[in-house]
Amino acid sequence: MRFVDEFRDAGRARALAARIAERCRPGRQYTFMEVCGGHTHTIYKHGLEDLLPPEVNLVHGPGCPVCVIPMGRVDDAIHIARQPDVIMTSFGDMTRVPGGTGSFLDAKAAGADIRMVYSPLDALTIARANPDRRVVFMAIGFETTAPSTAMTVLRAAEQGVTNFSVFCNHVMIIPAIKAILDSPDFRLDGFIGPGHVSAVIGCEPYGFIAREYAKPLVVAGFEPIDILASVLMLLDQLAEDRCEVENQYARVVPWQGNRIALSAIGRVMRLRPHFEWRGLGFIAHSALAMSDEYAAFDAERVFDLPGVRVADPKPCQCGEVLKGVLKPWECKVFGTACTPETPIGTCMVSSEGACAAYYNFGRFDREQMHRAAGEASRA
Amino acid sequence: MRFVDEFRDAGRARALAARIAERCRPGRQYTFMEVCGGHTHTIYKHGLEDLLPPEVNLVHGPGCPVCVIPMGRVDDAIHIARQPDVIMTSFGDMTRVPGGTGSFLDAKAAGADIRMVYSPLDALTIARANPDRRVVFMAIGFETTAPSTAMTVLRAAEQGVTNFSVFCNHVMIIPAIKAILDSPDFRLDGFIGPGHVSAVIGCEPYGFIAREYAKPLVVAGFEPIDILASVLMLLDQLAEDRCEVENQYARVVPWQGNRIALSAIGRVMRLRPHFEWRGLGFIAHSALAMSDEYAAFDAERVFDLPGVRVADPKPCQCGEVLKGVLKPWECKVFGTACTPETPIGTCMVSSEGACAAYYNFGRFDREQMHRAAGEASRA
Amino acid sequence: MNRERQVLARIERVRRRKPVVREELITLAHGAGGKATHTLIEAVFLEAFRNPLLEPLGDGALLAPAAERMAFTTDSFVVSPLFFPGGDIGDLAVNGTVNDLAMCGARPAHLSAGFILEEGFPVADLRRITASMAAAAEAAGVTIVTGDTKVVQRGKADGCYITTSGVGYVEQPVTLSAAGVRPGDAVIVSGSIGDHGAAVMLARDDYGIEASVASDTAPLHDIVAELLKALPEQVRTLRDATRGGVATVLNEVASASETAIVLREDAVPVRPEVTGICELLGLDPLYVACEGRFVAVVDGAHADQALDVLRGHPLGAGAAIIGSVAADPQGLVLLRTSFGGTRVVDVLVGDPLPRIC
Amino acid sequence: MNRERQVLARIERVRRRKPVVREELITLAHGAGGKATHTLIEAVFLEAFRNPLLEPLGDGALLAPAAERMAFTTDSFVVSPLFFPGGDIGDLAVNGTVNDLAMCGARPAHLSAGFILEEGFPVADLRRITASMAAAAEAAGVTIVTGDTKVVQRGKADGCYITTSGVGYVEQPVTLSAAGVRPGDAVIVSGSIGDHGAAVMLARDDYGIEASVASDTAPLHDIVAELLKALPEQVRTLRDATRGGVATVLNEVASASETAIVLREDAVPVRPEVTGICELLGLDPLYVACEGRFVAVVDGAHADQALDVLRGHPLGAGAAIIGSVAADPQGLVLLRTSFGGTRVVDVLVGDPLPRIC
Amino acid sequence: MCLGIPGELVEFGKDDAELAVVEISGVRRRINVGLLADEGLKPGDWVLVHVGFALSKISEDEAQAVLDALKELGQQYEEELDALRASDVG
Amino acid sequence: MCLGIPGELVEFGKDDAELAVVEISGVRRRINVGLLADEGLKPGDWVLVHVGFALSKISEDEAQAVLDALKELGQQYEEELDALRASDVG
Ligand code: SF4
Ligand code: SF4
Ligand SMILES: [Mg+2]
Ligand SMILES: [Mg+2]
Ligand SMILES: [Mg+2]
Ligand SMILES: [Mg+2]
Ligand SMILES: [Mg+2]
Ligand SMILES: [Mg+2]
Ligand SMILES: [Mg+2]
Ligand SMILES: [Mg+2]
Ligand SMILES: [Mg+2]
Ligand SMILES: [Mg+2]
């Protein structure tokens, strides 16, 4: 088994779609949030909408690591990158995120040494290869990615590397979900839970959603079949009046999560009292900073940072998109002023951002398309 | 007056040439050495041979700063240039001089940061602009150039520049002339004295040549008329049985030289007990090193140098050419293995080197040429 | 004077000898237009590319135009690394320009080559590159008839950049134009996609990824000529799917013809290794460059015939019909996923794989 | 869904709008072949060079060969600095290729342009360069019909390199060949020499030298056409005296024709400022590059007539007969100095002035 | 960013217990398996790879269970479809 | 290397007494005149420039003296030549 194609099979998809359509109570609309940007990407990339009945609406959640970085943090990172002896390392997606003073790519064109890496370990390798430079890793991501950063810092400490630090922007999914649940315009029927985050934190932390907010949540894998299956599981729960945390992605997600990953995070990082999320404002205990024990690897302590809060651009409605209140195309600047080439908001940058995913993959009239497909098959 | 064209005038040249021819005692050959490479350059560049009667032979002397640098010194300089934090600065001519391990140009192509400068002051400017690099000036030249190096070091000291040093290879003309006078194959009738060296040291240091060796010397300017005039003055002395130091170049050369220049050299440099000259071997008290007072600017003390003596290539006859014993074309490799593109000896490098001057400017059959010119003028 | 005269004669003989490059590394002198430049041109470039039109080494080459129409194209090549599995910058530079001419329906005839070399570049590497170019030119039946060399200081280039231009003659009575594409046409690709981009990226070794993928660099004029011979009026347009990949080329076609192009994901030929690399790096093979594959849009009624012609050629063994042209939504490329959904395939944004050609 | 459909329609309208380059600096994305590349091509290059042959922006341009013979040439331009008194890399790139075609006796018709841009290069500078190119192309009566753009990382180029190639048509019944030069011919230069090289060097400001010298960059096709019209059979060969200067060009001629070329120093036109710069730096103006001057070797009997034709053209006001051709010593260029002597003028060795074109 | 790719472990580091090599469609990459130190990994195991780290060991049983459930669903669906068709025809 | 060029002093440095500007055929370069500090240089004076330093003040009188001597020589020569021609003809 390759654990990929098997979960993209058209036949299985049709069966699931039929069962989903069957499960919908006629006349009722179901709105589920896929919390994770990875799911958003899958949905658009595979054209999942074509298989869902009109009763099922998927709205996109805050789980896109790139999307939630506030502008002030981008500016701080660029400030670091501009120091003449610094090599800034970053995942590729991050390089196009606009701060108040442009993006990493702009800073790079203007002379900063900014390099894309595939792994935080690559950043550490760069640090070892450039002992006379200070190498900073722009750490972003949810609990999925935080363990990799933490393990990298532990390696750096073990190897005695002193020219490496982390600009830590790791955020946590639970406080974000809680913020959405607590929002006055909350109107969801359930959640498609983030599969890879859950591989680290396990399924228990979602318990309060079922218990306290009475909403079902299914932890889902990232292949299109996984998402359809999860939708069906949510519909089943609603139909059966259950409200539970279920694990559709048991092949990858252990119910208890990953102990080593959590303890690495625990050693290297500490909870921030609060952290700004782009479009969502400050959320308490929602992010990680470097712990005191690893202060030497903390770019926030190694560098003097401006730390200025930058207001989001006026027309930006990323907050609403991230809370699932607006569909991407409902934002006024979507596809006109805000495009993947010239993003105004962060959701247009990462391929996991709802706006980018919709723009890149979903931006067409499905009815017209189906007509065209009909013509083509007749031709 | 521009002090240039006036001394290149064809009419004046013809008059002088006629007088020179007149002055020659029939059947006698006159051999004069132009000590300075600048004169060699002028002679070939302006085609002076066409105006001299067959009785007058000019042979080239050791006064070419590039030509006399031994291979070991080039290797030392390349060793310095290869240090990763070093910017080596050099006059352009020097960059093609082959050491035992290639030239500056080869080292540059292989990655050394070697820059051509017009003046030692430019090297100092580079040092000030690159405080994190060590900038070394490859100082070569006779007494003409040594004052400029000395003044530059005085400036550097005054300005508190600490990343600048001089790899001092300045040499002195008098010991070289003495070496030639003392050589067993010496057979000259007089000297055309170096004009620009004399602007610094004055005319008196040549007195011993007239007094002790009974040879006339005329300090000459660098325009072709100057050289013809000096030849005539030498012939006059011989005809009148005089043997003196005369100054044809009084417009530039004060009899006493330049006091400030001499005292700058005296402060910044000291006499070396001996120094190797390419092709001529070691000559006592013939070169300058940095004085103890300016040790901080002495690249020989700042860097650890290999200081290995390298034997000249087997076929190289530069020594004989520099002593005026061989004409360039009499060297076995001249124009075949040794060309300006692929110099074996130093005399083929600098445009003041006898071999280079002859190769570049004089390498043709004058009789054939005169026939051709005749045809052309008849055509 | 007689001995001097003998020496002078000997020097003249030496000066007329076949020039030899003695240096191991390129220096600025090789770009100064003087002796070193001449030596480099004669000993390296002329040696590699020798042909009667190039030989005079004049300001340009004189050609004899032989067709009613002529195609003219240029491309600069800056691929990094210069050598990669399946090829190097040299055959890329020849094939790239040969292919652009082929896409115009022209028989490639003559190439020019402009070299920008970095001081310190190994002459041995330059010889290896010119040998590839010569072999590629030979294989494509073109001659390199004129050229130029510049050398820039260390740190002002990356070893070697090559710009080739080409002229070719349009001898078949074809009208190729992206604007002529119409609904009902079929979209064909001549082989598996993304091999070149994947091979170059792996050769760069930035991501610690290993796989056996070789560039597909190849001259396409011959397979194109066969296709045009068989279907002179049915081939609408041809595009080699280089930078930006098949996706970008098809967007250009959709946009020029104001049609929709609908691809079938499971029909697009992609090697498993290329799929693996793309998965690891989050890329889409539709955007990964090929250097020996092209897209042909063909009258739908003759699609199978076109496919047969292509598959009959060694460079088209993997050809496949990957989609068709519809009337709407105008200007868009859409993909029916294997999974059963539909999505847009837009023009590439950003730069996932720089310096692949 | 109706509102969504409206939004989609609006987006399509936006996508079809004239593209605008918003960035101030070139990024790698501009070279990736995707949207940014297209935007750059359409908003900068097409805007500057617009013509019907270029407009399709295909793989190449289709031309109509119109003459029995055609000339084809290429040159890469890496001049530093990019802007200098009298010109910039843009008009240099156009004039350089126009001139090489003119030297073949061809009427320049079409140019290609390949750009290698460094990440971080100001878009404003690129616009200035393309504007110069457009103006130069207009002045020379040529169209830029095809092109290519690559972007390399910061530190892998020096702002902007341009490679132009050109095709031109030989319409006059002339036979130009350096090998056809024979004893008794006259050597003519079309104006004062060394201005371009001197201007670029001063602009570089490496030596703290100041003078008012401007580059001579200019298109020579017109003055050449007049000369060839007047003396179609008497002009032996034409060479533009670029890198390596008049000395290098004449050495090539002497060598190809196995003749001796004898120059008269006092006949060679050199501006006083150029003389001054050369004296200061120990250079010889005969080796300093021109970009708007050429050397013509003409039947000696018609030298005065040739001179009259040249002097009658604005670009030939300073033309002069600078020497003549003799039978021996074969392959050498000699100079009769003003002083009355004779010396060899050899091919340039080394690199006194790098990156002048 | 949250991209996770299933890959098969084919090799373990000799000097460094945290290093291993995974293969994905014939493509190999070195990854860090430190986060799965207590899983007793062996060649042939499949792991989920995220930013150069193995984040989770993939259970083939669990995957198969999901696929089996879908198969059952599919069979029901096909049966229903057949029934539908039969009724249409009938 | 020993190249020395005559140039006319056209300007002196304001802040730095050692700095001056020379002009050579319309070309200007900044040079150091520290070696001629005791020559009382003024604009219009000519100096010999070597590697960015003024090495010597040029004396127009001495230059003129050389040229005058040559002229005399030249006249003698022309006269002799004339005499020669006359004798030839005669
Ligand atoms: S269209 Fe742009 S600004 Fe609007 S929500 Fe999306 S990313 Fe934010
Ligand atoms: S020809 Fe070369 S080796 Fe011989 S003396 Fe001259 S420089 Fe020296
Ligand atoms: Mg030319
Ligand atoms: Mg092209
Ligand atoms: Mg191409
Ligand atoms: Mg050229
Ligand atoms: Mg490099
Ligand atoms: Mg193409
Ligand atoms: Mg050319
Ligand atoms: Mg040219
Ligand atoms: Mg192209
Ligand atoms: Mg640069």
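So that the names make sense, note that chain A is the first sequence line, chain B the second, and so on, each numbered from 1. Only heavy atoms go into these numbers, but all of them, side chains included; no hydrogens, no water, no symmetry mates. Keep in mind that this is a model prediction, so the values were computed, not measured.
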Part of F:Leu55 lying under 4.5 Å from any heavy atom of chain B: both
Side chains of B:Thr144 and F:His50, donor plus acceptor under 3.5 Å: no
Spacing of OH belonging to B:Tyr249 relative to OG belonging to F:Ser59, to within rounding of 0.5 Å: 12.0 Å
Side chain proximity check, F:Ser56 to B:Val253, heavy atoms < 4.5 angstrom: no
Check: F:Val51 main-chain N/O paired with B:Ser119 side-chain donor or acceptor under 3.5 Å: yes
Most chain F-contacting option - heavy-atom pairs closer than 4.5 Å, from B:Gln248, B:Arg2, B:Arg12: B:Arg2
pair B:Phe7-F:Val66: side-chain heavy atoms closer than 4.5 Å: yes
Max heavy-atom pair count under 4.5 Å with chain F, selected residue of B:Pro194, B:Pro254, B:Ala229, B:Ser148: B:Ser148
CD/B:Gln159: more than 12 non-hydrogen atoms of other groups inside 6.0 Å: yes
Inter-residue atom distance F:Asn32.CG - B:Met151.CE, 0.5 Å rounding: 5.0 Å
Intermediate values then yes/no, side chain to side chain contact (heavy atoms under 4.5 Å, CB included), B:Leu121 and F:Phe53: CA-CA 9 Å; B:Leu121 288 171; F:Phe53 286 80; 3.7 Å; yes
More than 12 heavy atoms of other groups within 6.0 Å of B:Arg14 CZ: no
Residues F:Asp16, B:Arg155; criterion side chain to side chain contact (heavy atoms under 4.5 Å, CB included); working and verdict: CA-CA 12 Å; F:Asp16 191 337; B:Arg155 283 220 132 199; 2.3 Å; yes
N/O donor-acceptor pair under 3.5 Å between B:Asn258 side chain and F:Leu35 backbone: yes
Residue pair F:Leu67 / B:Asp9, side-chain heavy-atom distance below 4.5 Å: no
Gap separating the CD atom of F:Glu8 from the CE atom of B:Met1, nearest 0.5 angstrom: 12.5 Å
Per-residue contact mode, B:Val200 against chain F (heavy atom under 4.5 angstrom): side chain
Selection from B:Cys64, B:Ser263, B:Gly257, B:Ala18 maximising heavy-atom pairs under 4.5 Å formed with chain F: B:Ala18
Residue B:Leu154 versus chain F: region with a heavy atom under 4.5 Å: neither
Residue part contacting chain B, namely of F:Arg30, when any heavy atom lies under 4.5 Å: neither
Segment of F:Leu70 engaging chain B (4.5 angstrom heavy-atom cut-off): side chain
Best-contacting candidate, F:Asp61, F:Asp38, F:Ile5, F:Ile31, against chain B by heavy atom pairs under 4.5 angstrom: F:Asp38
Top contributor to chain B contacts, counting heavy-atom pairs under 4.5 Å, from F:Gln76, F:Gln75, F:Lys71, F:Glu60: F:Glu60
Engaged part of B:Val4 at the chain F interface, taking heavy atoms whose separation is under 4.5 Å: side chain
Rounded distance [0.5 Å steps], CZ in B:Phe3 versus CD1 in F:Ile24: 12.5 Å
